[in-house]
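One structure is given below, encoded as structure tokens.
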Amino acid sequence: MNHFISFEGIDGCGKSTQLQLTAQWLRQKGHQVLTTRQPGGTDLGKEIRHLLLDERFSPIPETELLLFLADRTEHVKRVIQPALQRGEWVLCDRYTDSTFAYQLAARPLAEQDLLPLLHFAQLGYEPSQTMWLDLDVEQAMLRTQQREEQQNRLDKEKQSFHAAVLKGFQQRAQSHPQRMQRIDANGDSQTVQQRIRDLLI
Ligand code: TYD
């Protein structure tokens with residue numbers, strides 16, 4: 001069985017920290033673990049990430065969607081597939097659920113027509129488990145504002161946008177109840193980490 005785990009949630013939910021803590025724990029248990037992210041998990045993907053998050057550009061929703069999908073196909077083929085074939089655990093910071101939440105739920109795109117495209121971009125690779133870190137929008141926005149690194153184009157979207165993204169994750173979790181685990185992302189990082197470990201044991 002593949003151990004392909006994605007971490008999802010709105011900006012500021014704490015998923016990147018939780019992904020790293022989970023990787024440390026799995027390595028201590030003797031597993032080979034690859035940590036990676038979307039967008040930006042390949043050399044080409046890093047360039048795509050710059051294009052997507054740079055405030056100089058404001059792509060139309062269709063272009064934005066296609067850039068995220070281009071990043072994903074490249075990443076699946078060159079990074080995720082080989083690691084899974086080597087028998088490693090793959091922990092990926094964001095995957096298709098993010099595209100559903102950000103591009104289909106929060107932007108004015110016709111969802112039904114585009115779902116096959118999201119499916120295509122995964123090249124047949126669906127996470128075996130998804131940790132969705134659920135945090136309310138006010139808390140999450142507060143956390144991103146307190147970060148030292150500069151906020152990117154999507155971090156700076158309005159509260160109503162982040163609320164629509166959160167709704168997108170809720171919908172997605174309802175339609176994929178086996179794969180998507182809802183993690184309460186309130187509390188300190190060790191408390192949240194324990195919730196994740198309890199689900200992985
Ligand atoms: P992320 O790396 O989580 O941001 P950071 O580490 O800077 O907080 O993700 C970058 C942004 O890309 C984030 O706002 C979510 C967005 N995104 C989409 O809109 N669609 C997608 O398919 C993916 C993978 C990310």
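When hydrophobic clusters are built by joining Ile, Leu, Val, Met, Phe, Trp and Tyr residues whose side-chain heavy atoms come closer than 4.5 Å, directly or via intermediates, Tyr102 is not grouped with Leu51. Under a hydrophobic clustering in which Ile, Leu, Val, Met, Phe, Trp and Tyr are joined whenever their side-chain heavy atoms come within less than 4.5 Å, directly or via other members, Met180 and Leu166 fall into the same cluster. Using a 4.5 Å cut-off between side-chain heavy atoms of Ile, Leu, Val, Met, Phe, Trp and Tyr, with links allowed through other members, Val90 and Val76 fall into the same hydrophobic cluster. Cluster annotation: Ile183 and Trp25 are assigned to the same hydrophobic cluster (Ile/Leu/Val/Met/Phe/Trp/Tyr, side-chain heavy-atom contacts under 4.5 Å, transitive). Taken together through direct or relayed side-chain contacts under 4.5 Å among Ile, Leu, Val, Met, Phe, Trp and Tyr, Leu123 and Leu117 form parts of separate hydrophobic clusters.
Not counting sequence neighbours, the partners of Phe4 by the ring-ring contact (aromatic ring centres under 6.0 Å, His included) test are Tyr95. Applying the side-chain contact (heavy atoms from CB on, under 4.5 Å) test to Thr191 and every residue at least two apart in sequence or in another chain returns Asp188, Arg195. Scanning for salt bridge (Lys or Arg N to Asp or Glu O under 4.0 Å) contacts around Asp54 gives Arg56, with sequence neighbours left out. Scored by the ring-ring contact (aromatic ring centres under 6.0 Å, His included) test, His176 finds no partners at all (sequence neighbours excluded).
Annotation: side chain of Arg86 is not in contact with side chain of Gln32 (no heavy-atom distance under 4.5 Å). With a 4.5 Å cut-off on side-chain heavy atoms, Glu157 and His162 count as touching. Using a 4.5 Å cut-off on side-chain heavy atoms (C-beta onward), Asn186 and Leu135 make contact. Side-chain contact between Leu200 and Ile5 is present, with heavy atoms from C-beta onward closer than 4.5 Å. Contact check for Arg153 versus Pro59: side-chain heavy atoms found under the 4.5 Å cut-off. At least one side-chain heavy atom of Gln38 sits less than 4.5 Å from a side-chain heavy atom of Ile80.
Here the closest heavy-atom approach between residue Ile196 and residue Thr22 is recorded as CG2-OG1, 3.8 Å. Closest approach of Pro39 and Asp71 over heavy atoms only: CA-OD2, 3.1 Å. Smallest separation of non-hydrogen atoms from Val192 and Gly187: CG2-O, 4.0 Å. Listed here is the closest heavy atom pair of Val33 and Arg27: O-NH2, 2.9 Å. In terms of heavy atoms, Leu34 sits closest to Ala83 at CD2-CB, 3.9 Å. The minimum heavy-atom distance linking Thr130 with Ser6 is given by the pair OG1-OG, 2.8 Å.
Asp11 has a carboxylate O that lies under 4.0 Å from a charged side-chain N of Arg94, or vice versa, which qualifies the two as a salt bridge.
In this structure a side-chain-to-backbone donor-acceptor pair under 3.5 Å is missing from Gln103 to Pro61. The backbone N or O of Gly12 sits nowhere less than 3.5 Å from a side-chain atom of Thr144 that would complete a donor-acceptor pair.
Rounding to the nearest 0.5 Å places CG of Leu21 at 11.0 Å from OG of Ser16. Note that CD of Gln181 is 5.5 Å distant from CE of Met131, once rounded to the nearest 0.5 Å.
The closest side-chain donor-acceptor pair between Arg197 and Gln193 falls under 3.5 angstrom. For Glu138 and Gln159, the side-chain atoms include at least one donor-acceptor pair closer than 3.5 Å.
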Which atom pairs, donor and acceptor, lie under 3.5 Å between side-chain atoms of residues 167-174 and protein residues at least two apart or in another chain?
from: Arg172; atom 1: NE; to: Asp97; atom 2: OD1; distance (Å): 2.6
from: Arg172; atom 1: NH2; to: Asp97; atom 2: OD1; distance (Å): 3.4

side-chain hydrogen bond (donor to acceptor under 3.5 Å, both in side chains) assessment of Thr42 paired with Glu74
CA-CA 7 Å; Thr42 59; Glu74 192 70 12; 5.3 Å; no
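Within the structure, ring pair (Phe, Tyr, Trp, His ring centres under 6.0 Å) contacts touching residues 30-87 (residues at least two apart or in different chains) are His31-Trp89.
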